[in-house]
Protein chains: 2
Amino acid sequence: MSRKPRVRSGSGVTMHDVARAAGVSAITVSRALNQPQQVSPALRDKVMQAVDALGYVPSRSASTLASARSRTVLVLIPSLGNTVFLDTLAGIETVLAEAGYQMLIGNSHYDADQELQLLRAYLQHRPDGVLLTGLSHAAPFDDLLRRHGLPAVYMMDLADDGRCCVGFSQEEAGAAITRHLLERGKRRIGFLGAQLDERVMKRLAGYRAALAEAGCHDAGLEWLDPAPSSMQMGADMLDAALAARPDCDALFCCNDDLAIGALARCQQLGIAVPARLAVAGFNDLQPAAWCTPSLTTVATPRREIGIQAARALLAMIEGDAPQALRLDLGFALMLRRSS
Amino acid sequence: MSRKPRVRSGSGVTMHDVARAAGVSAITVSRALNQPQQVSPALRDKVMQAVDALGYVPSRSASTLASARSRTVLVLIPSLGNTVFLDTLAGIETVLAEAGYQMLIGNSHYDADQELQLLRAYLQHRPDGVLLTGLSHAAPFDDLLRRHGLPAVYMMDLADDGRCCVGFSQEEAGAAITRHLLERGKRRIGFLGAQLDERVMKRLAGYRAALAEAGCHDAGLEWLDPAPSSMQMGADMLDAALAARPDCDALFCCNDDLAIGALARCQQLGIAVPARLAVAGFNDLQPAAWCTPSLTTVATPRREIGIQAARALLAMIEGDAPQALRLDLGFALMLRRSS
DNA sequence: TTGTAGGCGTTATCAC
DNA sequence: GTGATAACGCCTACAA
């Protein structure tokens with residue numbers, strides 16, 4: 001008494017079909033595809049021919065289920081609209097693709113809760129490892145990771161607690177660009193911050209430290225808004241800043257979007273940049289070199305971060321390098337006309 | 001004689017473990033999670049408690065394998081660095097997430113061969129449907145799709161062959177912005193094109209049609225470069241164009257990046273925009289409203305395209321709406337200072 | 001409303 | 001180098 005045949009997924013061709021067509025057993029097909037050197041050339045050819053003839057596409061689900069390895073890596077980033085993370089993704093992609101791994105992209109929208117939900121959801125795919133943005137995550141998030149024993153690499157920043165991380169010191173970068181403004185003779189240097197994520201707050205900390213060092217920190221020169229940054233917001237914040245503190249003589253914006261909006265507003269208002277007001281951004285996005293005047297900013301090695309983080313994670317997954325590493329890729333000041 | 005236990009994936013907690021903890025059978029756990037209304041509240045609570053207590057995360061692989069449905073949708077786009085596609089992705093994401101579907105993102109880098117490889121690779125995940133960018137794909141690509149009987153929706157453009165598509169007429173958009181330049185009194189209107197993908201070529205066709213209509217098409221005013229567009233390229237192309245045809249009085253750039261680079265170069269060279277040379281872009285990216293002078297461009301409903309395309313695909317997957325649709329979401333001219 | 005039996009497509013393990 | 005067998009974790013079909 002046979003039952004109704006079930007619906008088949010994909011084109012319906014299975015490894016057994018290929019095996020039958022090639023006159024071998026299923027396991028030989030599996031080996032011919034995954035460990036070719038373990039199969040004699042003659043059979044290997046037969047198998048490959050059958051694969052092509054039938055249009056066979058292996059089922060990742062079955063493979064994952066049987067082997068307990070998904071050859072998949074989860075990447076969690078705060079935003080897909082930010083070039084910074086796209087460049088990082090591009091770097092990751094090249095490394096993973098070469099190693100035969102695929103990438104699951106999760107966009108947390110800068111929200112720790114959403115990040116946790118994403119992790120939960122994507123854990124269903126049993127990723128072999130995770131690439132994370134930033135060091136701070138919701139407490140249950142870290143628990144989940146541990147519970148599942150998932151190798152993780154933290155990107156964009158540097159930890160000192162033994163976690164594997166690839167990035168640069170956000171704080172030092174913020175301090176460095178602030179010092180540059182000080183060297184230009186500015187003394188009442190303001191800070192425009194949006195989004196207020198972990199990294200922005202560290203840049204702010206660096207800014208404060210540099211100013212304190214020079215004896216000219218002034219809390220009244222900081223303007224912070226938790227909303228996502230945009231050029232419009234940069235323009236608005238510039239208005240607010242100058243209205244509140246007309247004596248302000250420089251602005252460090254937490255990212256280039258803000259800076260470019262502020263710069264455009266300066267143009268409209270006829271404010272002399274950098275003489276009357278110097279402006280600096282962060283990240284060195286494409287428009288920074290093209291706006292008027294060109295924007296002084298901090299170039300960040302985000303593509304390289306993606307590449308190195310992916311390599312480190314693959315090493316952890318393969319068990320090659322059990323020990324965690326801490327990779328500082330640095331940053332570079334791009335000094336242009338706006339300062 | 002029992003064998004060695006195999007390595008378990010995930011945290012090692014399976015549906016059976018949950019069932020045992022809750023004192024029910026595995027299938028009841030499955031139903032409590034997937035069709036809650038089919039399980040009595042009492043048992044449902046017990047199950048959910050056990051799920052939480054054990055930190056159970058279902059295995060998508062097992063589910064996919066057993067049900068022949070992956071609840072996964074493949075999205076193929078030409079680039080991750082282009083805001084246009086990111087906005088589309090964002091739209092898709094909201095719809096899919098709400099429906100409990102996950103999205104696999106494939107970046108073809110504007111390359112038909114890579115796109116085919118991506119499809120092959122991602123078919124291993126047995127997606128339930130595909131969202132595609134543009135109408136033209138490699139021939140084996142369409143074969144593969146058919147062979148696997150995959151529901152597909154084509155985004156960004158409009159087909160007339162019964163395929164399900166959501167977008168707007170690239171050609172009409174190109175014609176419309178060209179007509180606007182004609183209305184401004186321009187007669188020697190040039191075209192700057194990069195990337196030269198399907199959509200750029202259609203915008204070019206629209207540009208030609210509009211000029212031919214007005215009796216002033218001039219093939220010597222077209223500058224085309226298959227390399228990816230950038231602001232730098234826009235600046236370089238402006239130089240080349242004016243060197244070759246100093247009589248050129250307007251430029252339609254195939255995208256905003258090019259236009260903004262050209263605009264910036266005009267500023268540097270002291271070329272009066274729009275009096276001496278009008279400039280128009282395409283897509284209405286954020287900087288278009290902020291550059292100097294602000295950029296006339298074509299606003300495209302890309303987020304909405306993502307939303308509607310995802311909805312259409314889900315309908316096809318669920319079998320609600322077997323018939324294909326052709327959804328024209330239109331475009332809008334954004335007339336600003338550069339024309 | 002709940003449970004039992006069996007199979008989805010692949011790979012690990014152990015024999016030959 | 002090749003093959004038989006038994007999992008992997010879940011869901012469909014059917015039965016109670």
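These values consider heavy atoms only, across backbone and side chains, with no hydrogens, waters or symmetry-generated copies. What you see is a predicted model; the values in this text were computed from it and never measured. Throughout, a chain's letter reflects where its sequence line sits, starting with A, and its residues are numbered from 1.
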What's the CZ-C1' distance between A:Arg44 and D:dG1, to the nearest Å? 12 Å
Distance in angstrom units between A:Asp17 CG and C:dG9 C1', rounded: 10 Å
Find the distance between CZ (A:Arg199) and CG (A:Asp157) and round it off to the nearest 0.5 Å. 7.5 Å
Verify whether one side chain among B:Gln102 and A:His125 offers a donor that lies under 3.5 Å from an acceptor in the other. yes
Atom pair distance, as rounded to whole Å: CG in A:Leu33 and P in C:dT11: 8 Å
Nearest-neighbour nucleotide for the B:Ser40 side chain, C:dG9, D:dC10, C:dT2 considered: C:dT2
Shortest side-chain distance from B:Pro58, nucleotide among C:dT11, C:dG3, D:dC10: D:dC10
Quick one: which of D:dC11, C:dG9, C:dG3 gets closest to the side chain of B:Met15? D:dC11
Using whole Å, report how far CZ of A:Arg31 lies from C1' of C:dT10. 13 Å
To the nearest angstrom, how far is A:Gln35 atom CD from D:dT2 atom P? 13 Å
Name the residue closer to the 5' end of DNA chain D, choosing between B:Asn34 and A:Ile27 according to the nucleotide with the nearest heavy atom. A:Ile27
So does A:Gln37 have more than 12 non-hydrogen atoms from other groups sitting under 6.0 Å from CD? yes
Quick one: B:Arg60 CZ to C:dG9 P, roughly how many Å, whole number? 19 Å
Residues, nucleotides or ligands: over 12 heavy atoms within 6.0 Å of B:Glu98 CD: no
Against the side chain of A:His16, the closest entry in D:dG9, D:dG3, C:dT10 is C:dT10
Looking at the base of C:dG9, is there any donor atom on it, or on the side chain of B:Arg126, that sits under 3.5 Å from an acceptor on the other one? no
Side-chain contact, heavy-atom cut-off 4.5 Å: A:Phe141 with A:Arg146? no
C:dT11 OP1/OP2 closer than 4.0 Å to side-chain N/O of A:Ser63: yes
Can you figure out which of C:dT11, D:dT2, D:dC10 approaches the side chain of A:Thr28 most closely? D:dT2
Quickly work out the A:Arg69 CZ to D:dA7 C1' distance and round it to whole Å. 19 Å
Return no unless some side-chain N or O of A:Ser30 is found under 4.0 Å from OP1 or OP2 of C:dT11. yes
To the nearest Å, how far apart are B:Leu65 CG and C:dG6 C1'? 13 Å
Considering only side-chain heavy atoms of A:Ala62, which listed nucleotide, C:dG9, C:dT11, D:dC10, is closest? C:dG9
Is the phosphate of C:dT2, meaning OP1 or OP2, less than 4.0 Å from a side-chain N or O of B:Ser25? no
